[in-house]
Novice: 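I have a structure here, written as C-alpha cells, and I will follow up with some questions on it.
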Number of protein chains: 2
Amino acid sequence: MRKSDKNKDAESQILDAAKNIFQKKGMDGARMQEIADEAGINKALLHYYFRSKKLLFEAVFTNAFSLLAPQLNKILNDDSSIEEKVKNFTFNQISFIIKHPYLPNFIIQELNRNPEFFDTIKEHPSFPSLEKFKTQVQKEIQQGILKPIDGEQLFIHIVSLNLFPFIANPLLKGFLQKDDAQYKQLIENRKTEVSEFIIRSIKN
Amino acid sequence: MRKSDKNKDAESQILDAAKNIFQKKGMDGARMQEIADEAGINKALLHYYFRSKKLLFEAVFTNAFSLLAPQLNKILNDDSSIEEKVKNFTFNQISFIIKHPYLPNFIIQELNRNPEFFDTIKEHPSFPSLEKFKTQVQKEIQQGILKPIDGEQLFIHIVSLNLFPFIANPLLKGFLQKDDAQYKQLIENRKTEVSEFIIRSIKN
DNA sequence: TTATAGTTTAACCATTTGGTTAACAAAGAT
DNA sequence: ATCTTTGTTAACCAAATGGTTAAACTATAA
C-alpha cells in the first residue's frame, strides 16, 4: 500500500481498492480478501462499511457508470451541429477512456452477467436520452446537410467505433500483432480517424 | 454402441453443456456441478474426461475460437474487391453471430481476463493474417477506387461495427429503450446498414 | 462364461470464500 | 476522568467448490 493513501478515510480507500479489483477480475473473479489487502485493511472492515460483496460491487458499479454516462450526454445534449458533435464526442470519449481503459469492459461485462442491473442505473440523474440527437439528425438530413441515415444506427456506429478497440484490446492487439506501445498509438490515431471516417460517410 | 462412439457421446455432451454455462457465466462464474447437471451426468465424469476446470474451459475456448476465426479469414483471404469483401463480410459475420450471440463476448471477456490465452490460439491453423487485406487496400487506393485510409484502421472499424452491438447488447438495448424483438430487428438491419455506411465513407 | 478394460456414480475431502463475532482501540461527549 | 459511540482487528464458521476415491456397472474380447 502506498503511504499517501493512508490518510484517506477507510471508505473511499475501500471503494478505490474494490474498483481496481472488480474492474480487473469482475464480480465473480474478485475476492474480498484481495480487496482488503489492496486497501490495506482487515477483511471484516469491508463488511462493516458495505454489508456484502454484492453491495460493495453495486457501489463500485454505479460509481463507474456515473463516470461514463456524462460522456455520452455530451454528444446528445449540446447545441452544436452533428458534425461538430461527432468530432468532439469521439475525440473526448476516446481521450477519456484512455485514462480509464477498464471502464467500458467492466460495465458491459457485468451488465451482460446481470441485465437487471440496468434498472439500477436507469434512475441515474445523468442517464442519457437519445431523443434530441435523433430529431437533430433528421433535421440535418432534411436540410441537406447529411445523407439519409437512421439516428439510432448512427449512434450505435459511433459508440461501437469508439469503445470496441478498448473492449477487444487483447484480441485486436493479437490479430494486428502490435505490442502495447504500438496499439496505444493506433488508438491515439483513432481520436481523429474515427470522426473523419464517420463524417465522410454521412456528410453531403 | 462402440466404445469410441460412447466416448464421443459423453465427451461432446460435456463440451456442449460446458459451452453453454461458460459462455453465459464465464470461467469464474461457472460451476462444475452446474455443467454436470446441464450435461445430465455425474460431476466426477467431468474430471474423468477433462482433468480440471481449467482444461475443460480451454477446450471450450479453443472450440469457440475455431468457430469465429474462419469468419474473419473470409474477408482477408478471398479475391474479391474491398467493396465486395466489406459487404459480404459484414453480412455473413452479423448473420453468423446472430446464431451464436454469446460467442464474441465470451472470447473477448476471457481474453481480457487472461491475455496469455492468445498464445494458445496463435497456433491455430486458421489464425487470421491481415497482410493480404492491407496490401489490397493500398492497391485500391492507388487505383483510385478507394479514398486514402489505413488498412488496419479500416479493419478495426469493420469488426467494431459488426461485433460491438452484440457485446454491448444490454447496454445499447437500455439506452435505446428497445425490447428484445426491437433490438433484434435493429441488428437485422445492420446486416446491410453497416456495409453501406462503410462503403459510403471509403469509396471514391 | 469370465477376465479385462473402460465408464459412471455416490460419498468424501481439503481448501477457499463470504460473512460473523467478540474483544479491543480511538475519539467524542458528559 | 468516565461513558458511549464508532472504527478496527484476529479468530472463527458454515457453505460452497474443485477435485478424489473406491466401488459398481457395462461392453467386449478371449
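This is a predicted model, so every value here is computed, not measured. Within every chain, numbering begins at 1; the chains are lettered A, B, ... in the order of the sequence lines, protein sequences first and strands thereafter.
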Novice: For the pair made of CG in B:D28 and P in C:dG18, what is the distance, rounded to whole Å?
Specialist: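 After rounding, the reported distance stands at 11 Å.
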Novice: Under 3.5 Å, is there a donor-acceptor pair between the side chain of B:K173 and the main chain of B:D180?
Specialist: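 Here the side-chain-to-backbone pair does not exist.
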Novice: With the threshold set at under 4.0 Å for non-hydrogen atoms, list the residues of residues 14-24 of chain B touching DNA chain D in residue-number order.
Specialist: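 Nucleic-acid contacts, sorted: none.
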Novice: A:F127 vs B:F175 aromatic rings, parallel, tilted or perpendicular, using cut-offs 30° and 60°?
Specialist: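 Geometry flag for B:F175 against A:F127: tilted rings.
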Novice: Can you tell me which residue among A:F65, A:F57, A:F22 is in a ring-ring contact (aromatic ring centres under 6.0 Å, His included) with A:F106?
Specialist: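 Among A:F65, A:F57, A:F22, the one meeting ring-ring contact (aromatic ring centres under 6.0 Å, His included) with A:F106 is A:F57.
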Novice: Among all residues two or more places apart in sequence or in another chain, which pass the salt bridge (Lys or Arg N to Asp or Glu O under 4.0 Å) test with A:K122?
Specialist: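 A:D119.
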Novice: Detail all sub-3.5 Å separations between protein N/O atoms and N/O atoms belonging to nucleotides 9-12 of chain C.
Specialist:
| unit_1 | atom_1 | unit_2 | atom_2 | d |
| --- | --- | --- | --- | --- |
| C:dT9 | OP2 | B:N42 | N | 3.0 |
| C:dA10 | OP2 | B:N42 | ND2 | 3.2 |
| C:dA10 | N7 | B:N42 | ND2 | 3.2 |

Novice: Provide, to the nearest angstrom, the distance between the CZ atom belonging to A:F57 and the C1' atom belonging to C:dG19.
Specialist: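 After rounding, the gap between these two atoms is 19 Å.
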Novice: How far apart are the C-alpha atoms of B:K132 and B:D79, what are their side-chain angles, what is the distance that settles it, and do they pass the salt bridge (charged side-chain N to carboxylate O under 4.0 Å, His left out) test?
Specialist: CA-CA 10 Å; B:K132 180 169 180 177; B:D79 285 324; 2.7 Å; yes
Novice: What is the distance, to the nearest angstrom, from the CG atom on B:D37 to the C1' atom on D:dT17?
Specialist: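 Result: 13 Å.
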Novice: Quick one: which of D:dT20, C:dG19, D:dT8 gets closest to the side chain of A:S52?
Specialist: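 Of all the options, the side chain of A:S52 is nearest to C:dG19.
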Novice: Sort and list the pairs that fulfil ring-ring contact (aromatic ring centres under 6.0 Å, His included) and have at least one residue in residues 28-53 of chain A, not counting sequence neighbours.
Specialist: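 Qualifying pairs, neighbours excluded: none.
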Novice: Does any N or O in the side chain of A:E140 come within less than 3.5 Å of the main-chain N or O of A:I82, such that one atom is a donor and the other an acceptor?
Specialist: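 At least one qualifying donor-acceptor pair exists.
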Novice: Report yes if the distance between the aromatic ring centroids of B:F166 and B:Y102 is under 6.0 Å, otherwise no.
Specialist: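 No - the distance between ring centres of B:F166 and B:Y102 does not fall below the 6.0 Å cut-off.
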Novice: Between the protein and nucleotides 14-17 of chain C, which nitrogen or oxygen pairs come in under 3.5 angstrom?
Specialist:
| unit_1 | atom_1 | unit_2 | atom_2 | d |
| --- | --- | --- | --- | --- |
| C:dT17 | OP1 | A:R31 | NE | 2.7 |

Novice: Round to the nearest Å and state the distance from A:Y49 atom OH to C:dG19 atom P.
Specialist: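 To the nearest whole Å, that distance equals 18 Å.
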Novice: Apply salt bridge (charged side-chain N to carboxylate O under 4.0 Å, His left out) to A:R113 and A:E110, showing your working.
Specialist: CA-CA 5 Å; A:R113 207 182 48 87; A:E110 299 302 330; 2.5 Å; yes
Novice: Measure from CZ on A:F50 to C1' on C:dG19 and round the result to the nearest Å.
Specialist: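 Those two atoms, CZ and C1', are 16 Å apart.
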Novice: Report the distance from atom CE of B:M27 to atom P of D:dT17, rounded to the nearest whole Å.
Specialist: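 Going from B:M27 (CE) to D:dT17 (P), I get 14 Å.
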Novice: Taking B:E188 first and then B:K184, would you say they form a salt bridge - that is, a charged N and a carboxylate O separated by under 4.0 Å?
Specialist: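 Salt bridge absent between B:E188 and B:K184.
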Novice: Restricting to salt bridge (Lys or Arg N to Asp or Glu O under 4.0 Å), what partner residues turn up for B:K25, sequence neighbours left out?
Specialist: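 Partners of B:K25 under the salt bridge (Lys or Arg N to Asp or Glu O under 4.0 Å) test: B:E34.
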Novice: Return the value, rounded to whole Å, for the distance between atom CG of A:L56 and atom C1' of C:dG19.
Specialist: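 In whole Å, C:dG19 C1' and A:L56 CG are 13 Å from each other.
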Novice: Nearest whole angstrom, please: distance from the P of C:dG6 to the CG of B:D9.
Specialist: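 Atom-to-atom, B:D9 to C:dG6, this comes out as 19 Å.
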